[in-house]
Amino acid sequence: MKRQIILLLFCLYVVIIQGCKKQAEVANSVVSNDISFENPSYFPTTTTYDFQQNPVNTATFELGKALFYDGILSRNGKISCGSCHLQAQAFVQVDHAFSHGIDDHLTARNTPALQNLAWSPYFFWVGGVPSLYRTSMSPLENPLEMDEKIANVLVKLKNHPNYPSRFAKAFGDTAITQDRFLKALAQFMVMLVSANSKYDQVVYKKNISFTQDEQDGYSLFQQKCVNCHPEPLFTDHKFRNNGIQNEPFADIGRAEASAVEPRDVGLFKTPSLRNVALTYPYMHNGSITTLEKVIEHYNSGVINSSTLDVEFKKQIPVGIRINAEEKRKLVAFLNTLTDDTFIRDKRFSE
Ligand code: HEC
Ligand code: HEC
């Protein structure tokens with residue numbers, strides 16, 4: 001009798017342990033494999049990325065990630081998208097006003113962060129490209145960046161030992177087409193959602209609080225900056241001139257994409273300020289090195305010109321008056337926009 005009970009207990013033990021193990025395995029596989037797009041509840045609903053045409057799935061996302069980090073996309077095999085867009089810096093290349101592309105050529109403009117692209121109505125500093133799907137073509141074929149032809153890339157991928165099977169896993173068969181290539185990269189990039197900074201945790205998740213300086217900085221930000229950098233994305237996605245360049249403008253900006261409309265000369269897309277502490281140097285030309293200097297620019301450095309934004313023309317001299325203490329508090333607030341979860345998220349790592 002005693003022996004039977006022991007046997008029974010042993011059997012129960014085996015069943016429970018195995019059951020738990022199975023569950024743990026399932027839980028792990030869900031965490032590491034299930035890629036799906038989530039719209040943070042307090043963000044606007046995305047309207048610009050076509051989730052119907054190109055719904056995100058794990059195999060295609062993984063393929064897009066492999067392509068993003070592979071130098072095979074460039075003429076000399078050395079420059080990947082990830083060599084200018086580094087995760088640890090919210091997908092910019094820091095320290096350089098202009099990024100180093102192929103053969104050490106410098107790009108014409110500063111690299112912007114890749115984040116929350118699902119909410120962007122157009123891409124690049126001058127908004128020349130209206131869909132995320134199309135963005136990969138221009139760095140790939142740009143002679144200063146990757147200097148390759150898409151047709152060549154497709155041939156290289158077809159002859160590669162792994163890519164045909166990766167395309168098959170993502171799309172059902174081994175055909176490697178431009179459409180599939182662009183879809184995979186777009187799926188990787190649309191997943192780059194940054195929504196877990198201290199700011200998000202304080203303002204929306206309400207699980208921690210700001211320091212006094214950060215709180216004061218937040219109020220100042222709401223008075224002086226939100227017209228162009230509105231929450232929660234910190235960009236209005238409009239083209240504006242914030243007084244960086246003297247006339248005649250070295251870089252005509254938005255006019256390049258809008259058939260040289262005089263009113264668009266010298267305008268650039270307002271960048272999001274999420275992760276801004278990581279994305280120095282600043283502005284389309286990388287001409288400002290620190291956040292303190294950016295704020296001093298708004299206070300005393302704004303250059304008047306025919307297309308300078310009316311926001312800055314409300315006072316003389318043009319700009320936004322900000323004293324030293326306010327500057328310190330604004331910087332404290334901007335630092336709360338850094339999202340450590342995003343820059344360490346293994347799903348996005350090489
Ligand atoms: C040599 C450096 C370099 C490489 C390589 C590079 N980029 Fe970029 N990327 C830039 C620069 C610089 C800009 C801004 C250009 C502009 O606006 O004129 C940019 C802008 C972008 C944007 C627009 C972001 C926005 O918010 O408007 C996307 C998307 C992008 N790159 C994706 C890619 C992809 C995908 C690849 C690989 C196929 C890639 N980049 C390769 C430097 C690079
Ligand atoms: C009238 C619109 C406007 C206002 C007001 C404004 N900005 Fe900007 N901001 C812009 C534009 C446009 C750019 C990009 C300009 C360029 O690169 O030529 C920019 C760029 C920046 C950048 C650089 C980001 C990067 O990634 O390069 C920072 C930081 C910044 N603004 C912070 C602020 C702060 C802080 C305030 C309030 C004191 C403020 N802005 C007010 C329009 C504005």
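Remember, predicted model here, so these are calculated numbers, not experimental data. We're numbering straight along the sequence, starting at 1. All ligand and atom numbering here is 1-based and tracks the order in the structure.
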Looking at [atom], what's its closest protein heavy atom, distance included?
atom                    : answer
atom 12 (C) of ligand 2 : Arg240 O, 3.5 Å
atom 18 (O) of ligand 1 : Arg109 NH1, 3.0 Å
atom 26 (O) of ligand 1 : Lys269 NZ, 3.5 Å

Discussion item. Can you name the atoms of ligand 1, numbered from 1 with element, that are less than 4.0 Å from a heavy atom of Thr107?
Written reply: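 Result: 1 (C), 2 (C), 12 (C).
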Practice prompt. Show which atoms of ligand 1 fall inside a sub-4.0 Å distance from at least one heavy-atom site of Gly101.
Written response: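 Every atom of ligand 1 under 4.0 Å from some heavy atom of Gly101: 1 (C).
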Worksheet item: Any idea which of Trp125, Phe98, Phe268, Phe124 brings a heavy atom closest to atom 22 (C) of ligand 1?
Response: Phe124
Practice prompt. Going by heavy-atom distance to atom 20 (C) of ligand 2, choose the closest among Met283, Arg254, Lys313, Lys238.
Written response: Met283
Worksheet, complete the sentence: Contact region, Gln93 to ligand 1, non-hydrogen atoms below 4.0 Å, reads neither
Discussion item. Please work out, at 4.0 Å between heavy atoms, whether the side chain, the backbone, both, or neither of Ile322 comes within that distance of ligand 2.
Written reply: side chain
Item to complete: Under 4.0 Å, heavy atoms only, figure out whether ligand 2 is touched by the backbone of His284, its side chain, both or neither.
Response: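 The answer is both, backbone and side chain.
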Worksheet entry | Ser194 versus Asn116, side-chain donor and acceptor atoms under 3.5 Å | no
Worksheet item: Is the closest side-chain donor-acceptor distance between Thr235 and Thr270 under 3.5 Å?
Response: no
Item to complete: Consider ligand 2: state whether an atom of it lies below 4.0 angstrom from any non-hydrogen atom of Phe239.
Response: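 Under 4.0 Å: no for Phe239.
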Are the aromatic rings of [X] and [Y] close, with centres under 6.0 Å apart?
X      : Y      : answer
Phe221 : Phe234 : yes
Tyr49  : Phe37  : no
Phe239 : Tyr122 : yes

Worksheet entry | Close approach, Ser136 and ligand 1, non-hydrogen under 4.0 angstrom |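 It does, in that a heavy atom of Ser136 comes within the 4.0 Å cut-off of ligand 1.
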Item to complete: Could you tell me whether ligand 1 has any atom less than 4.0 Å away from a heavy atom of Leu117?
Response: yes
Worksheet item: Hey, which protein N/O/S atoms does atom 8 (Fe) of ligand 2 have under 2.8 Å?
Response: His229 NE2, Tyr298 OH
Worksheet item: Protein N/O/S atoms under 2.8 Å from atom 8 (Fe) of ligand 1: how many?
Response: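 Number of qualifying protein atoms: 1.
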Discussion item. Once rounded to the nearest 0.5 Å, what's the spacing between atom CZ of Arg263 and atom OG of Ser306?
Written reply: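 The CZ atom of Arg263 sits 13.0 Å away from the OG atom of Ser306.
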